[in-house]
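Have a look at the structure below before the remarks.
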Amino acid sequence: MTSIPTTVRTVRDLRGQVAGWREARETIGLVPTMGALHEGHLSLFALAKSKADHAVVSIFVNPIQFGPREDFGRYPRDEQGDLVKLGEAGVDVVFAPDTVEMYPQGFSTQVKVSDLTEDLCGAARPNHFDGVATVVTKLLLQCAPDFAVFGEKDYQQLLVIKRLVRDLNIPVEIVGAPILREKDGLALSSRNAYLSPSERKVAPLLYQTISEVAADLAQGRGCDDAVVAARFKLDAAGFRVNYVAVRDPYTLKPLSGPVTRARVLAAAFLGKTRLIDNVAVPKAATTSR
Ligand code: AMP
């Protein structure tokens, strides 16, 4: 029988847990999550465990990264189910603070990465990345891991976090992890639970479409052409497209004409569910730099 990992709810207890490991010069990998864990999260835990002596996972649905009309209230929460999965994954410690522990009365500090956050998801979700940057900075300082793992699923977020760690000299390595997908290509996401059966059938088209853009670009087709065709296809299938974009993989600056190295990123609503996905050009490229 697998056991439930040690669960701590305060920064003090988290620091108490990691202090012994530090003294013994053992390494720590942190994986921040918002819970409702799926196989994509589990792949991040496996990566953290393969690289470190101890894996710490945080579960915190961060209110300040949600807009007033977004899904904070109905975001899926299943702490008991999550703890069982974390035990099976061999995670040592789970940090699951409440909102007051993270944002006590009078909390008034914000971390803002101004470059990288203005468009794509930043344009559609004002203040979202300020909320992400603030909570991730706190988690990194609270846990002081050797490295932290973030999924390429949230590609813009991964770059924002790499930048803030660099800019603020936080002594932690940020490790990007590949996107885990369903058999039909749909990127795993806690929000996929919102999809109706008919929406779920259409959803893989997002990945198919951006993969086609990536293939077209690899064949020398111009960015603008490929993006127009992709938007058209997604619109026709019933998506409400937020953006389909071809960007520099490190700076997220717009690209035009034929390209050799890029990231194709997209966000689109299916009904009330906002889906995001991205692929590399060429396909095997990674974020590491
Ligand atoms: P979340 O709980 O949605 O905030 O995600 C926690 C971490 O898991 C983030 O670093 C995400 O990028 C990552 N993640 C989410 N979905 C996937 C996936 N399908 N494959 C790999 N990583 C993922």
Side-chain angles (χ1 to χ4, degrees), residues 2-18 21 28-52 54-66 70-104 107 111 128-154 157-158 160-161 172 174-177 179-180 187-194 276:
T2 51
S3 55
I4 297 291
T6 305
T7 305
V8 293
R9 301 201 181 267
T10 64
V11 175
R12 191 193 160 105
D13 286 348
L14 174 64
R15 291 200 170 134
Q17 281 290 329
V18 299
W21 300 336
I28 302 162
L30 171 69
V31 185
T33 80
M34 297 205 298
L37 301 177
H38 51 65
E39 295 285 331
H41 295 114
L42 300 188
S43 70
L44 270 49
F45 308 155
L47 180 59
K49 275 188 60 83
S50 73
K51 279 178 66 82
H54 301 280
V56 176
V57 169
S58 63
I59 298 180
F60 181 62
V61 185
N62 178 34
I64 67 167
Q65 72 186 64
F66 289 79
E70 292 184 350
D71 57 345
F72 175 70
R74 68 184 185 113
Y75 194 83
R77 291 163 172 88
D78 176 19
E79 190 179 284
Q80 277 318 304
D82 288 348
L83 291 176
V84 171
K85 289 178 190 163
L86 287 158
E88 286 166 358
V91 168
D92 297 74
V93 167
V94 178
F95 177 45
D98 67 14
T99 305
V100 176
E101 179 68 11
M102 291 299 269
Y103 303 115
F107 186 89
V111 179
H128 168 67
F129 286 115
D130 301 343
V132 170
T134 302
V135 80
V136 170
T137 302
K138 284 174 67 74
L139 290 166
L140 295 177
L141 297 175
Q142 289 162 346
C143 180
D146 297 278
F147 65 87
V149 183
F150 292 87
E152 289 185 351
K153 163 77 168 39
D154 300 276
Q157 167 177 287
L158 173 60
V160 167
I161 292 164
V172 59
I174 300 301
V175 177
I179 303 174
L180 219 79
L188 293 180
S189 164
S190 307
R191 288 189 169 98
N192 291 350
Y194 298 154
I276 60 171

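The structure displayed is predicted, hence computed values, not measured ones.
Taking each heavy atom of Ser58 and Pro32 in turn, the nearest pair found is OG-CA, 3.1 Å. When all heavy atoms are compared, the tightest approach of Ala36 to Ser190 is O-OG, 3.1 Å. Cys143 and Ile28 make their closest contact through SG-CG2, 4.3 Å (heavy atoms, listed as atom of the first residue, atom of the second, distance). Heavy atoms only, all atoms of each residue included: Phe147 and Ala48 are closest at CZ-O, 3.5 Å.
For the pair Asp78 (side chain) and Gly81 (backbone), a donor-acceptor distance under 3.5 Å is present. Not a single donor-acceptor pair under 3.5 Å links the side chain of Thr134 to the backbone N or O of Gly131. In this structure, the side chain of Arg9 does not engage the main chain of Thr7 through any donor-acceptor pair within 3.5 Å. Under a 3.5 Å cut-off, the side chain of Asn192 and the backbone N or O of Ala187 do form a donor-acceptor pair.
Side-chain contact check for Val175 versus Leu47: some heavy-atom pair is nearer than 4.5 Å.
In this structure, CG in Leu83 is found 10.5 Å from OG1 in Thr6, a value given to the nearest 0.5 Å. Distance check: Leu158 CG to Ile174 CD1 gives 8.0 Å after rounding to the nearest 0.5 Å. If you take CG on Leu37 and CG on Leu44, they are separated by 10.5 Å, rounding to the nearest 0.5 Å. The structure places CG of Leu30 at 6.5 Å from CZ of Phe150, a figure rounded to the nearest 0.5 Å. How far CZ of Arg77 is from CD1 of Ile59: 12.0 Å, rounded to the nearest 0.5 Å. To the nearest 0.5 Å, the span separating CG on Asp82 from OG1 on Thr33 amounts to 6.5 Å.
With sequence neighbours left out, Arg15 forms a side chain to side chain donor-acceptor pair (under 3.5 Å) with no residue at all. By the ring-ring contact (aromatic ring centres under 6.0 Å, His included) test, His38 is found to be paired with His41, residues two or more places apart in sequence or in another chain being considered.
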Please step through side-chain contact (heavy atoms from CB on, under 4.5 Å) for the pair Phe107 and Lys138, ending with a clear verdict.
CA-CA 12 Å; Phe107 186 89; Lys138 284 174 67 74; 3.6 Å; yes

Would Gln142 and Met102 satisfy side-chain contact (heavy atoms from CB on, under 4.5 Å), going step by step from the backbone distance to the final call?
CA-CA 10 Å; Gln142 289 162 346; Met102 291 299 269; 3.4 Å; yes

What do the steps show when you test Asp146 against Val172 for side-chain contact (heavy atoms from CB on, under 4.5 Å), and what is the final call?
CA-CA 5 Å; Asp146 297 278; Val172 59; over 6 Å; no

Given the rule in the side-chain contact (heavy atoms from CB on, under 4.5 Å) test, do Arg191 and Tyr75 qualify, once you have shown the distances and angles that lead to the verdict?
CA-CA 8 Å; Arg191 288 189 169 98; Tyr75 194 83; 3.9 Å; yes

Show me the donor-acceptor pairs, under 3.5 Å and distance only, between side chains in residues 88-99 and residues at least two apart or in other chains.
unit_1 : atom_1 : unit_2 : atom_2 : d
Asp92  : OD1    : Ala55  : N      : 3.1
Asp92  : OD2    : His54  : ND1    : 3.1
Asp98  : OD1    : Val100 : N      : 3.2
Asp98  : OD1    : Glu101 : N      : 2.9

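Between the side chains of Asn62 and Tyr103, at least one donor N or O lies within less than 3.5 Å of an accepting N or O.
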